[in-house]
Amino acid sequence: TEEWQSRLRRAALEGDRARILELARSVHGERHPPQGFLLLGQAVSRAGGGWPVEREVLLEGYRQHPGDFWINSTFTHRLLGSDAPDLNLVERHARIAFSLQPEDAENCFVLGASLLLLRRGPDQPEALDILKKGRSQARQGFVADALDAAIRYAEGRNPLHAVDELRAR
């Protein structure tokens with residue numbers, strides 16, 4: 001609702017941790033647009049509300065908007081940045097984001113890397129294909145470098161060689 005979004009904006013702008021956490025606790029079952037969940041998750045993170053609270057906000061956003069690219073993409077990135085990421089959950093949301101934007105190099109990296117980290121033998125060729133697809137889309141920069149390192153790892157080569165080669169340039 002507009003009222004809820006206004007309360008969220010005010011709480012976020014004021015950095016009101018108590019109101020942000022109250023909004024996070026009350027979000028379950030309430031219908032909100034995808035960006036509302038994203039903004040609330042970000043507000044919880046900035047207010048120091050903790051990953052478990054932010055995780056629940058983003059999961060509720062996913063439950064209400066399972067086909068939203070930004071909900072799934074943000075959730076994968078935040079999961080990967082957590083202390084003990086659930087790689088099966090990362091894979092699930094990375095696959096959804098990838099299916100919605102398969103030409104995005106960053107999506108290719110996240111899905112390919114999650115498949116590599118899961119270390120399931122049958123997934124390894126798929127991971128390498130996805131990483132190579134992403135590399136063909138990435139021009140240069142961090143994502144291209146990360147894809148190069150992940151491809152080296154997937155091919156059984158030392159990914160640190162890619163870093164050494166970059167430093168030598």
Side-chain angles (χ1 to χ4, degrees), residues 8 12 32-169:
L8 171 57
H32 299 293
Q35 64 269 27
F37 290 102
L38 293 168
L39 292 172
L40 180 55
Q42 187 177 56
V44 167
S45 177
R46 287 185 176 170
W51 168 240
V53 177
E54 182 185 0
R55 181 180 190 271
E56 287 306 310
V57 167
L58 292 172
L59 271 174
E60 183 64 23
Y62 165 72
R63 287 181 199 110
Q64 291 188 26
H65 306 283
D68 185 82
F69 169 77
W70 289 109
I71 291 276
N72 286 288
S73 179
T74 300
F75 194 48
T76 20
H77 285 86
R78 298 297 295 141
L79 277 165
L80 284 171
S82 67
D83 289 336
D86 177 340
L87 293 175
N88 291 306
L89 206 51
V90 171
E91 178 196 8
R92 177 176 79 183
H93 292 277
R95 282 192 184 281
I96 295 168
F98 179 78
S99 72
L100 295 167
Q101 291 193 16
E103 302 305 319
D104 184 87
E106 190 171 338
N107 287 338
C108 292
F109 172 74
V110 173
L111 178 55
S114 69
L115 291 172
L116 289 177
L117 292 170
L118 282 165
R119 300 184 188 277
R120 295 185 305 231
D123 291 338
Q124 301 306 294
E126 178 188 11
L128 184 56
D129 288 346
I130 291 169
L131 292 167
K132 286 181 176 179
K133 177 181 180 170
R135 186 58 186 100
S136 72
Q137 303 296 323
R139 305 233 188 287
Q140 57 185 350
F142 176 77
V143 173
D145 297 344
L147 284 158
D148 286 338
I151 289 167
R152 286 182 182 274
Y153 178 81
E155 292 175 337
R157 297 182 287 148
N158 185 343
L160 296 179
H161 290 175
V163 174
D164 294 338
E165 289 172 12
L166 288 170
R167 288 184 180 149
R169 288 186 204 168

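Everything numeric here is computed off the predicted structure, so don't read it as measured data.
Among all heavy-atom pairs drawn from Val44 and Glu54, the shortest one is CG1-N, 3.8 Å. Across all non-hydrogen atoms, the minimal contact from Phe37 to His32 is CE1-O, 3.4 Å. Taking every heavy atom of both residues into account, Pro85 and Val90 meet most closely at CB-CG2, 4.5 Å. Taking every heavy atom of both residues into account, Ala150 and Leu116 meet most closely at O-CD1, 3.7 Å. The minimum heavy-atom distance between Gln101 and Asn107, with the atom names listed, is O-ND2, 2.9 Å. The two residues Gly134 and Ala105 have their closest heavy-atom pair at O-CB, 3.5 Å.
Atom-to-atom distance recorded for Asn88:CG and Leu117:CG is 11.5 Å, nearest 0.5 angstrom. Atom CD of Gln124 is separated from atom CG of Asp129 by 11.5 Å, given to the nearest 0.5 angstrom. Note that the NE2 atom of His77 and the NE2 atom of His93 stand 13.5 Å from one another [nearest 0.5 Å]. Considering CD1 of Ile71 and CD of Glu60, their distance stands at 10.0 Å, rounded to 0.5 Å. Atom OG1 of Thr76 is separated from atom CZ of Phe98 by 13.0 Å, given to the nearest 0.5 angstrom. Rounding to the nearest 0.5 Å places CG of Leu115 at 11.0 Å from CG of Leu128.
Checked by atom type and distance alone, the side chain of Asn72 pairs as donor or acceptor with a backbone atom of Pro66 at under 3.5 Å. Judged by distance alone, the side chain of Thr74 and the main-chain N or O of Trp70 form a donor-acceptor pair under 3.5 Å. Looking only at distances, a side-chain donor or acceptor of Ser114 sits under 3.5 Å from a matching main-chain atom of Val110. Of the possible donor and acceptor atoms, none in the side chain of His65 sits under 3.5 Å from a partner among the backbone N and O of Gln35.
No salt bridge links Glu126 with Arg120; every basic N to acidic carboxylate O contact stays at or beyond 4.0 Å.
Within the 4.5 Å cutoff, side-chain heavy atoms of Leu38 are placed close to those of Leu58.
Evaluation of the side-chain hydrogen bond (donor to acceptor under 3.5 Å, both in side chains) rule for Arg135 yields Asp148 as partners, not counting sequence neighbours.
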Show, in sequence, the C-alpha distance, side-chain angles and deciding distance for Leu79 and Trp51, and conclude whether the side chain to side chain contact (heavy atoms under 4.5 Å, CB included) test is met. CA-CA 9 Å; Leu79 277 165; Trp51 168 240; 3.6 Å; yes

Can you check side chain to side chain contact (heavy atoms under 4.5 Å, CB included) on Glu103 and Lys133, steps first, answer last? CA-CA 8 Å; Glu103 302 305 319; Lys133 177 181 180 170; 3.4 Å; yes

